[in-house]
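Structure, as structure tokens:
In what follows, chains carry the letters A, B, and so on, assigned in the order in which the sequence lines appear, proteins first and then strands, with residues in each chain numbered from 1.
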There are 2 protein chains.
Amino acid sequence: MDRSSGVPAFRQVAADLRERIVAGEYEPGARLPSERELVDNYGVSRPTIRDAIDLLRAEGRVDAVRGVGVFVRPPTQIERLARSRLSRAARAENKGAFMADAAAKGFTPSSSVKIRFEPADERVAGLLGIEPGTEVTVRDRVMRANGLVVQLAVSRLPRELTRGTVIEEVDTGPGGAYARLEEAGHAIGHYVEDVGSRMPSPEEASTLQLAEGVPVITVTRIAYRQDGLPLEMNDMTLPADRYRLTYEWAAE
Amino acid sequence: MDRSSGVPAFRQVAADLRERIVAGEYEPGARLPSERELVDNYGVSRPTIRDAIDLLRAEGRVDAVRGVGVFVRPPTQIERLARSRLSRAARAENKGAFMADAAAKGFTPSSSVKIRFEPADERVAGLLGIEPGTEVTVRDRVMRANGLVVQLAVSRLPRELTRGTVIEEVDTGPGGAYARLEEAGHAIGHYVEDVGSRMPSPEEASTLQLAEGVPVITVTRIAYRQDGLPLEMNDMTLPADRYRLTYEWAAE
DNA sequence: AAGTGGTCTAGACCACGGC
DNA sequence: CCGTGGTCTAGACCACTTC
């Protein structure tokens with residue numbers, strides 16, 4: 001603790017703890033000294049110690065458990081999602097991309113869907129190439145693996161394309177909505193995915209059961225018909241500590 | 001303020017401010033009431049008000065400026081990075097992917113490179129398909145646009161492929177390292193990119209000049225020769241509030 | 001000089017988990 | 001019951017920006 005360095009005390013404490021964690025002095029899953037012990041160790045007040053720990057929590061390095069202690073967060077298991085999950089071959093045998101992934105990875109998937117219809121706002125209309133206000137079919141899904149929420153997905157299609165099809169039902173049948181579109185003569189030509197990241201809203205953090213300091217990955221996928229007409233857009237939200245996305249393409 | 005709801009006071013204050021921001025009562029760029037005003041408005045102590053504001057900062061919703069006030073963070077300008085930046089056609093006229101992007105977007109790019117050689121660790125060896133300990137050439141780059149740091153990139157190649165080439169020099173010449181590899185008979189067959197996100201380390205936050213509550217996007221790209229041999233791996237780190245990544249592919 | 005956010009203290013009480 | 005983290009208070013002083 002250097003009180004004259006100009007560096008705030010809580011940052012010095014955080015830096016010291018961070019170093020010890022990275023160095024392995026506190027291993028993954030290990031408990032840090034209690035806040036009151038740290039008060040004695042560093043010679044600062046408890047709020048200052050808490051500021052330091054709050055910093056490490058925001059970085060996603062430690063988890064605090066009330067009544068128990070503060071623990072070094074162990075590395076999480078990462079799933080890779082590849083674009084091959086959208087192949088027709090995969091659809092032939094499964095209920096959709098998410099179920100296909102689940103089958104491959106050996107966990108028990110479940111998914112709850114809410115269907116609604118609403119007028120397209122500016123953004124949706126732009127991406128789907130329709131007039132704002134045009135009615136769209138919205139499939140709002142919460143996907144779970146072994147009971148744990150792992151993904152949110154909001155899919156929107158021009159209602160014109162879904163009227164009278166099972167895409168407006170909860171269960172879209174084998175191969176999912178994409179398979180139904182193709183059966184209706186809308187063969188998919190190409191996909192575009194737009195990937196970004198941000199901190200979650202409090203609602204997202206609680207539905208996705210996110211730990212502190214964990215961002216979400218946002219993916220907006222648009223499926224186009226072979227003539228270039230947008231068929232569907234899908235806004236997906238994934239916990240960044242459990243997913244990576246893999247894309248692969250030939251040079252040129 | 002409901003003191004008997006069980007919801008902590010600072011979360012109630014944060015929720016109220018968040019609502020007002022989302023509703024547009026405080027517009028982007030607008031100043032929130034000062035902490036001491038909020039103390040009066042909500043009837044809680046200043047540390048409690050600060051806890052509330054700290055929450056909004058961690059979410060990336062507001063910025064605090066010492067001596068001035070707390071401001072609603074305005075939306076940032078987002079650049080899209082598309083895989084087409086890696087095409088041979090783009091290389092033909094430019095110095096590399098980053099410079100190509102810069103030219104297209106109309107900003108002034110600059111980039112500082114440090115070259116070093118080191119033995120491959122476990123991860124690097126696995127991705128490059130070589131034995132751990134094998135010497136690799138490391139090109140450690142900081143990319144800037146109009147003076148602002150916008151990307152970190154650490155590129156690694158088996159030294160065997162770069163010995164005697166300008167890839168071991170600071171300036172790799174027109175088209176960048178990929179062009180030199182192709183000239184040396186290592187035509188690129190395909191690329192794989194692995195995309196994830198996490199909160200930045202303090203070092204990353206300061207070199208990338210990241211605002212609070214802004215994650216980084218991490219991309220690991222591997223370039224393979226046409227026979228499948230890994231030629232290069234590139235670990236990129238991007239500020240999540242300034243970039244989105246776009247991928248596009250044909251169905252099937 | 002006045003107002004702002006940044007830091008820090010020395011307490012207090014609470015809710016929760018484990019013994 | 002005791003120790004843990006979670007919340008909250010009422011101050012204090014500082015560094016900084018603006019006027």
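Side-chain nitrogen and oxygen atoms of S45(B) include none within less than 4.0 Å of the OP1 or OP2 phosphate oxygen of dA10(D). Within the 4.0 Å cut-off from OP1 or OP2 of dG3(C), not a single side-chain nitrogen or oxygen of S34(B) is found.
Note: CG (L55(A)) to P (dC8(C)) measures 12 Å, nearest angstrom. Rounding to whole angstrom units, CG of residue D40(A) and P of dT4(D) are separated by 11 Å. Distance CG (D63(A)) to C1' (dT4(D)): 15 Å, rounded to an integer number of Å. Whole-Å rounding puts the E35(A) CD to dT7(D) P distance at 11 Å. Rounded to a whole Å, the CZ atom of F10(B) is 16 Å from the P atom of dG5(D). Whole-Å rounding puts the E212(B) CD to dG6(C) C1' distance at 11 Å. For the pair Y42(B) OH and dA10(D) P, the computed distance is 18 Å after rounding to whole Å.
For the salt bridge (charged side-chain N to carboxylate O under 4.0 Å, His left out) condition, the pairs that include at least one residue of residues 7-18 of chain A, sequence neighbours left out, are D16(A)-R20(A), R18(A)-E59(A).
Side-chain contact of E193(A) with Y247(A): a donor-acceptor pair under 3.5 Å is present, judged by distance alone. A donor-acceptor contact closer than 3.5 angstrom links the side chains of R144(B) and S112(B).
The side chain to side chain donor-acceptor pair (under 3.5 Å) test applied to E203(A) returns S201(A), not counting sequence neighbours. When the side-chain contact (heavy atoms from CB on, under 4.5 Å) test is applied to D40(A), no partner is found at least two apart in sequence or on another chain. With sequence neighbours excluded, the residues forming a side-chain contact (heavy atoms from CB on, under 4.5 Å) with T207(B) are L152(B), listed by chain and number. Remark: D51(B) engages no residue in a side chain to side chain donor-acceptor pair (under 3.5 Å) (not counting sequence neighbours). For T76(B), there are no side chain to side chain donor-acceptor pair (under 3.5 Å) partners at least two apart in sequence or on another chain. In this structure T218(A) satisfies the side-chain contact (heavy atoms from CB on, under 4.5 Å) test together with R198(A), V216(A), R244(B), sequence neighbours excluded. Partners of D54(B) by side chain to side chain donor-acceptor pair (under 3.5 Å), not counting sequence neighbours: none found.
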Any N/O pairs under 3.5 Å between the protein and nucleotides 13-18 of chain D? List them or say none.
residue	atom	partner	partner atom	Å
dA15(D)	O4'	R66(B)	NH1	3.0

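With distances taken from any side-chain atom of A9(A) to the nucleotides dG6(C), dT9(D), dC8(C), the minimum falls on dC8(C).
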Donor-acceptor list for residues 67-75 of chain B side chains, cut-off 3.5 Å, not counting sequence neighbours:
residue	atom	partner	partner atom	Å
R73(B)	NE	D63(B)	OD1	3.2
R73(B)	NE	D63(B)	OD2	3.1
R73(B)	NH1	E212(B)	O	3.4
R73(B)	NH2	D63(B)	OD1	2.8
R73(B)	NH2	E212(B)	O	2.8

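Contacts between residues 47-54 of chain B and DNA chain C, defined by a heavy-atom separation under 4.0 Å, are made by R50(B). Contact check of residues 25-33 of chain B against DNA chain D (heavy atom, cut-off under 4.0 Å) returns no residues at all.
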